[in-house]
Participant: 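Quick one: the structure is below, questions incoming.
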Amino acid sequence: MTPATLTRTLLDPIAETLGLTETELGRLFGVRRQAIAQWRDRGLPSARQEKAATVAAICDLLRHQLKPERVPGIARRAANAYGGLTMLEMVEADRQDELYGKIERSFDWSVGP
């Protein structure tokens with residue numbers, strides 16, 4: 001798998017699931033949309049791969065647990081569980097690992113409240 005293919009396999013599902021424009025996708029990773037275009041051509045920088053993989057895992061979890069058409073709106077809605085932030089703001093603040101844990105726990109029906 002080439003670096004550009006890896007980038008597409010991570011960035012495309014993130015953008016599609018969350019309903020993001022290239023500019024919004026760039027904001028999620030703290031870069032301009034031009035950098036996203038470069039990543040698509042040259043591959044995702046190693047410094048961004050872990051974050052992209054975690055965000056892709058969040059998207060995968062949301063796609064499997066929610067109606068796909070509702071995910072973009074939910075990701076943009078502030079929640080008390082996230083300290084009044086949206087899911088997107090959590091990722092922008094590099095708190096995607098924390099967000100993943102919170103989302104995963106929210107769908108874990110084996111534990112009580």
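What you see below is based on every heavy atom in this structure, not just the backbone, and it leaves out hydrogens, waters and symmetry mates. Counting begins at 1 with the first residue of the sequence.
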Participant: Under 6.0 Å from the CD atom of Q65, do we count more than 12 heavy atoms belonging to anything else shown?
Facilitator: yes
Participant: Kindly indicate, with the supporting measurements, whether the criterion side chain to side chain contact (heavy atoms under 4.5 Å, CB included) is fulfilled by L62 and I74.
Facilitator: CA-CA 10 Å; L62 293 172; I74 291 168; 5.6 Å; no
Participant: Apply ring pair (Phe, Tyr, Trp, His ring centres under 6.0 Å) to Y100 and list each qualifying residue two or more places apart in sequence or on a separate chain.
Facilitator: none
Participant: Calculate, to the nearest 0.5 Å, the distance between atoms CG and CD1 belonging to L66 and I103 respectively.
Facilitator: 9.0 Å
Participant: Who pairs with A37 by side chain to side chain contact (heavy atoms under 4.5 Å, CB included), at least two apart in sequence or on another chain?
Facilitator: none
Participant: Sub-3.5 Å donor-acceptor pair from the side chain of K102 to the main-chain atoms of Y82, do we have one?
Facilitator: no
Participant: For the residue pair V91 and F29, establish whether any side-chain heavy-atom pair is separated by less than 4.5 Å.
Facilitator: no
Participant: I'd like to check the side chain to side chain contact (heavy atoms under 4.5 Å, CB included) partners of Q34; sequence neighbours left out, ordered by chain and number.
Facilitator: R32
Participant: Before you tell me yes or no, could you show the steps for R33 and T21 under side chain to side chain contact (heavy atoms under 4.5 Å, CB included), namely the whole-Å CA-CA distance, both residues' side-chain angles and the distance that decides it to 0.1 Å?
Facilitator: CA-CA 9 Å; R33 66 178 171 76; T21 65; over 6 Å; no
Participant: For the residue pair C59 and I14, what are the closest heavy atoms and their distance?
Facilitator: SG-CA, 3.9 Å
Participant: According to salt bridge (charged side-chain N to carboxylate O under 4.0 Å, His left out), does anything in residues 17-29 pair up with another residue at least two apart or in another chain? List the pairs.
Facilitator: E22-R40, E24-R76
Participant: Any chance you could lay out the side chain to side chain contact (heavy atoms under 4.5 Å, CB included) test for L20 and L88, step after step, and finish with the verdict?
Facilitator: CA-CA 10 Å; L20 302 176; L88 297 178; 4.1 Å; yes
Participant: How close do A56 and L10 get, counting heavy atoms only, and between which atoms?
Facilitator: CB-CD2, 3.8 Å
Participant: Enter the distance from D97:CG to T54:OG1 here, rounded to the nearest 0.5 Å.
Facilitator: 4.5 Å
Participant: Taking salt bridge (charged side-chain N to carboxylate O under 4.0 Å, His left out) as the definition, give me every residue that meets it alongside R63, ordered by chain and number, with sequence neighbours left out.
Facilitator: D60
Participant: What closest approach, in Å, do T86 and A78 show between heavy atoms, and which atom pair accounts for it?
Facilitator: CG2-N, 3.6 Å
Participant: Any pair with a residue in residues 85-95 that passes salt bridge (charged side-chain N to carboxylate O under 4.0 Å, His left out), sequence neighbours left out, goes on the list, sorted by first then second residue, please.
Facilitator: K51-D94, R95-E98
Participant: Considering non-hydrogen atoms only, spot the tightest contact between L85 and M90 and give its length.
Facilitator: CD1-SD, 3.9 Å
Participant: Using modelled atom types and a 3.5 Å cut-off, is there a donor and acceptor pairing between side-chain atoms of R48 and backbone atoms of L44?
Facilitator: no
